[in-house]
Peer 1: 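Sharing a structure below in structure tokens format, with a few things to ask.
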Amino acid sequence: MSVWSLRSYNPVVKVLAPVPAMIVTALSRDLWTPAVFAVIALAMLLIGGGLRGRTLIATIAGPPLLVVLLTVSFGVWTDPDLVDHTTALLTIGPFTLWSGALETGLATGLRVAAVMLLALIAGLTTDGTDLVRSMIAHLRMPYRIGYAGFAAMRFVPRFRRDLEIIRLAHRVRGVDGGRGPVATLRRYNGYAVPLLAGAMRHGDRVSLAMEARGFGAFATRTERRHVPLRRRDAVLAVWLLAVCLVPHLSSGALG
């Protein structure tokens with residue numbers, strides 16, 4: 001796999017390395033800092049994320065739409081007494097839109113978008129099972145907790161499949177609660193009991209299977225697949241830490 005592909009990096013590094021940048025972004029109060037982090041994170045996702053289809057469209061269009069939404073929302077909700085010293089951009093009856101309110105909304109939107117994009121570096125390029133394996137191997141997470149996470153992740157697609165089977169069974173039996181939100185709520189209430197019963201049966205089978213295989217009998221356990229730490233992981237961690245200095249250097253140069 002190419003060195004440019006984020007999927008080839010250790011999951012733990014991708015989760016932990018962006019945290020300092022997220023903290024710097026969340027604590028910033030200017031427009032420049034979150035904008036820099038948002039652009040860098042988006043560029044990393046577009047270059048190395050291997051995104052396609054709806055995921056690619058959502059990654060490109062989602063953050064700008066979120067920024068616009070928060071900018072307008074804060075422009076309307078911000079207390080006028082806090083920004084009445086700034087320029088009045090629009091006045092409609094008793095309502096006045098101040099430039100300071102829009103700037104506050106823009107800064108908030110950029111911070112939220114930047115933190116979201118930094119989190120998506122790991123979220124969109126990491127396999128959950130590899131993350132758990134890496135945490136067991138490199139963070140010394142107890143394997144009992146890790147394999148409980150494996151079991152939980154396996155439950156999600158099973159729940160989806162069981163729900164579809166229950167829906168088809170209700171349809172075959174002619175169970176129709178009508179249309180509208182109330183009918184939908186009643187219909188899903190009818191799905192809840194058989195879905196819960198199936199989950200309990202599946203949980204019993206999983207626990208018996210794990211106990212039969214000696215799960216938890218030893219302090220350590222071998223892994224079928226290893227997720228190693230490599231030089232490229234150290235480079236990625238150093239790069240994301242170095243990025244934290246960019247806004248300070250840029251603001252100093254601008255100053």
Side-chain angles (χ1 to χ4, degrees), residues 1-19 21-22 25-26 34-73 105-106 108-135 146 149-168 171 179 181 184 187-188 191 195 199 202 224-230 232-233 235-237 239-240 243 246:
M1 192 173 291
S2 172
V3 70
W4 294 103
S5 175
L6 289 172
R7 300 179 187 275
S8 65
Y9 290 81
N10 189 281
V12 168
V13 174
K14 289 187 289 185
V15 170
L16 297 181
V19 171
M22 293 181 187
T25 300
V36 169
F37 284 123
V39 170
I40 291 175
L42 181 59
M44 292 177 65
L45 285 170
L46 295 180
I47 294 173
L51 308 180
R52 290 181 175 83
R54 295 180 179 178
T55 304
L56 177 61
I57 296 174
T59 304
I60 295 175
L65 291 176
L66 179 63
V67 172
V68 172
L69 177 62
L70 290 177
T71 301
V72 174
S73 299
L106 179 59
T108 303
L110 287 173
R111 286 197 298 271
V112 173
V115 171
M116 180 183 69
L117 287 170
L118 288 167
L120 289 178
I121 291 176
L124 293 179
T125 64
T126 301
D127 180 73
T129 56
D130 285 343
L131 175 60
V132 173
R133 290 191 179 97
S134 183
M135 292 175 69
F150 278 140
M153 285 186 285
R154 294 290 188 269
F155 266 72
V156 175
R158 184 177 182 87
F159 280 160
R160 188 182 300 115
R161 185 170 60 253
D162 289 349
L163 179 60
E164 185 61 27
I165 293 173
I166 294 169
R167 284 177 176 171
L168 293 175
R171 189 177 303 173
R179 298 181 179 179
T184 302
R187 191 159 51 246
Y188 274 91
Y191 299 156
L195 189 63
H202 179 65
R224 180 176 62 86
R225 177 181 175 184
H226 294 279
V227 184
L229 285 171
R230 292 168 290 190
R232 64 177 64 181
D233 299 311
V235 172
L236 178 63
W239 155 248
L240 289 173
V243 165
V246 173

Peer 1: What pair of heavy atoms forms the shortest contact from Asp130 to Val227, and how long is it?
Peer 2: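 That would be O-CG2, 3.9 Å.
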Peer 1: If every non-hydrogen atom of Leu195 is compared with every non-hydrogen atom of Phe159, which pair is closest and at what distance?
Peer 2: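 Scanning both residues, the minimum pair turns out to be CD1-O, 3.9 Å.
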Peer 1: Taking all non-hydrogen atoms of both residues, which atom of Leu117 and which atom of Ala38 are closest, and how far apart?
Peer 2: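 Nearest pair, atom of Leu117 first, then Ala38: CD1-O, 3.5 Å.
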Peer 1: Once side-chain contact (heavy atoms from CB on, under 4.5 Å) is applied, do any residues pair with Thr126, and if so which ones, sequence neighbours excluded?
Peer 2: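 Result, side-chain contact (heavy atoms from CB on, under 4.5 Å) vs Thr126: Pro11, Lys14, Ala122, Leu131.
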Peer 1: Let me confirm one number: the CZ-CG distance from Arg111 to Leu70, rounded to the nearest 0.5 Å.
Peer 2: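 The distance works out to 10.0 Å.
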Peer 1: Could you tell me whether the side chain of Asn10 and the main chain of Asp233 form a donor-acceptor pair under 3.5 Å?
Peer 2: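 Answer holds: no.
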Peer 1: Nearest 0.5 Å please: distance from the CG atom of Leu65 over to the CG atom of Leu69.
Peer 2: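 If we round to the nearest 0.5 Å, Leu65:CG and Leu69:CG are 8.5 Å apart.
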Peer 1: Would you compute the distance between atom CG of Leu120 and atom CG of Leu42 and round it to the nearest 0.5 angstrom?
Peer 2: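 Reported to 0.5 Å precision, the distance equals 10.0 Å.
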Peer 1: Taking salt bridge (charged side-chain N to carboxylate O under 4.0 Å, His left out) as the test, write out the residues that go with Arg167, two or more places apart.
Peer 2: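 Arg167: salt bridge (charged side-chain N to carboxylate O under 4.0 Å, His left out) contacts with Glu164.
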Peer 1: Side chain to side chain contact (heavy atoms under 4.5 Å, CB included) between Leu240 and Met44: does it pass, once the steps are laid out?
Peer 2: CA-CA 11 Å; Leu240 289 173; Met44 292 177 65; 3.9 Å; yes
Peer 1: Can you name the residues that form a side-chain contact (heavy atoms from CB on, under 4.5 Å) with Arg52, not counting sequence neighbours?
Peer 2: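 So Arg52 forms no side-chain contact (heavy atoms from CB on, under 4.5 Å) with any residue.
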Peer 1: Between Ile60 and Leu46, is there a side-chain heavy-atom distance shorter than 4.5 Å?
Peer 2: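 Yes; the side chains approach each other to less than 4.5 Å.
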Peer 1: Could you state the interatomic distance from CG (Leu66) to CG (Leu110), rounded to the nearest 0.5 Å?
Peer 2: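 Leu66 CG to Leu110 CG: 9.5 Å, rounded to 0.5 Å.
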Peer 1: Whether the side chain of Thr25 engages the backbone of Ala21 through a donor-acceptor N/O pair (distance < 3.5 Å, no angle test) should be reported.
Peer 2: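 Answer holds: yes.
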Peer 1: Do Tyr9 and Val235 have side chains that approach each other closer than 4.5 Å (heavy atoms only, starting at C-beta)?
Peer 2: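 No - every pair of side-chain heavy atoms lies 4.5 Å or more apart.
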Peer 1: Which value, rounded to the nearest 0.5 Å, describes the distance between Leu51 atom CG and Ile57 atom CD1?
Peer 2: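 Output value for this atom pair is 11.5 Å.
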Peer 1: Taking all heavy atoms of Val132 and all of Gly146, pick out the closest pair and write down the distance.
Peer 2: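 Shortest heavy-atom separation between Val132 and Gly146 comes out as CG1-O, 3.3 Å.
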Peer 1: Do you know which two heavy atoms are closest between Thr59 and Leu124, and how far apart they sit?
Peer 2: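 In this case the closest contact between Thr59 and Leu124 is OG1-CD1, 3.7 Å.
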Peer 1: Give me the atom names and distance for the closest heavy-atom approach of Met116 to Pro63.
Peer 2: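 Distance-wise, the nearest heavy atoms are CE-CG, 3.8 Å.
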